[in-house]
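Worth knowing before you read on, the calculation uses all heavy atoms, side chains too, and leaves out hydrogens, waters and symmetry mates.
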Amino acid sequence: MKSKKAKRTDEKLSELIISRMKELRSIYGITQEALIEHTGLDIFHFENGSKKPTTTSLSILCRFYKISLGDFFAPMNYPEKK
């Protein structure tokens, strides 16, 4: 019987991504419900942290907002340069 590997997570990065998702919704003045309707993504669970968005989910969000992945991540200074 194989032992299950613990999933690696980076909670700080997850918090930054969630924060950015909320920030974009605020900037664009869109509700979670409207975003769910337009993208089919589980925004509620992403924003409350119960699920982690995949890179595909982030790509869908970026297409919706008409921004690049670079634009999505640009405001984040993580990990900090030393």
(message) Give me each pair satisfying ring pair (Phe, Tyr, Trp, His ring centres under 6.0 Å) with a member in residues 12-37, each pair once, sequence neighbours excluded.
(response)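 Of all non-adjacent pairs touching residues 12-37, those that pass ring pair (Phe, Tyr, Trp, His ring centres under 6.0 Å) are Tyr28-Tyr65.
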Listed partners of [X] passing side chain to side chain contact (heavy atoms under 4.5 Å, CB included), at least two apart:
{"X": "Ile18", "answer": "Lys22"}
{"X": "Glu37", "answer": "none"}
{"X": "Phe44", "answer": "Gln32, Asn48"}
{"X": "Ser19", "answer": "none"}

(message) Checking His45 now: which residues fulfil ring-ring contact (aromatic ring centres under 6.0 Å, His included) with it, not counting sequence neighbours?
(response)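 Testing His45 for ring-ring contact (aromatic ring centres under 6.0 Å, His included), a comparison that skips the adjacent residues, returns none.
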(request) For Leu35 and Leu61, run side chain to side chain contact (heavy atoms under 4.5 Å, CB included): C-alpha distance rounded to whole Å, both residues' side-chain angles, the deciding distance at 0.1 Å, then the answer. (result) CA-CA 9 Å; Leu35 191 54; Leu61 279 176; 3.8 Å; yes
(message) If the condition is side chain to side chain donor-acceptor pair (under 3.5 Å), which residues does Thr9 pass it with, not counting sequence neighbours?
(response)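 Residues passing side chain to side chain donor-acceptor pair (under 3.5 Å) with Thr9: Glu11.
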(request) Using the test side chain to side chain donor-acceptor pair (under 3.5 Å), find all partners of Ser68 that sit at least two apart in sequence or belong to another chain. (result)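 So Ser68 forms a side chain to side chain donor-acceptor pair (under 3.5 Å) with Asp71.
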(message) Listing request: all salt bridge (Lys or Arg N to Asp or Glu O under 4.0 Å) pairs with a residue in residues 56-68, at least two apart in sequence or in separate chains.
(response)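 As it turns out, there is no salt bridge (Lys or Arg N to Asp or Glu O under 4.0 Å) pair with a partner in residues 56-68 once direct neighbours are skipped.
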(request) Supply the atom-to-atom distance Ile43 CD1 to Glu33 CD, rounded to the nearest 0.5 angstrom. (result)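 That separation rounds to 11.0 Å.
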(request) Mind checking the CD1-NE2 spacing from Ile30 to His38? Nearest 0.5 Å is all I need. (result)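 It comes to 6.0 Å.
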(request) Verify side chain to side chain contact (heavy atoms under 4.5 Å, CB included) between Ile36 and Leu41, making sure each step is shown before the conclusion. (result) CA-CA 5 Å; Ile36 290 166; Leu41 297 174; over 6 Å; no
What side-chain donor-acceptor pairs closer than 3.5 Å can you find for residues 73-80, not counting sequence neighbours?
{"from": "Tyr78", "atom 1": "OH", "to": "Asp10", "atom 2": "OD1", "distance (Å)": "2.9"}
{"from": "Tyr78", "atom 1": "OH", "to": "Asp10", "atom 2": "OD2", "distance (Å)": "2.8"}

(request) Could I get the full list of salt bridge (charged side-chain N to carboxylate O under 4.0 Å, His left out) partners for Glu23, not counting sequence neighbours? (result)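 With sequence neighbours excluded, Glu23 shows a salt bridge (charged side-chain N to carboxylate O under 4.0 Å, His left out) to Arg20, given in chain and number order.
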(message) Holding to salt bridge (charged side-chain N to carboxylate O under 4.0 Å, His left out), I want the full list of residues that pass it with Lys51, two or more places apart in sequence or in another chain.
(response)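 For Lys51 the salt bridge (charged side-chain N to carboxylate O under 4.0 Å, His left out) partners, ignoring immediate neighbours, are Asp42.
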(request) Report yes if the side chains of Thr54 and Leu58 come closer than 4.5 Å at any heavy-atom pair, otherwise no. (result)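 No; the side chains remain at least 4.5 Å from each other.
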(message) I need the minimum non-hydrogen distance between Cys62 and Phe72, along with the two atoms involved.
(response)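 Heavy atoms of Cys62 and Phe72 come nearest at SG-CB, 3.7 Å.
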(request) Could you pull out the closest heavy-atom pair between Leu69 and Ser59, with the gap in Å? (result)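 Heavy atoms of Leu69 and Ser59 come nearest at CD2-N, 4.2 Å.
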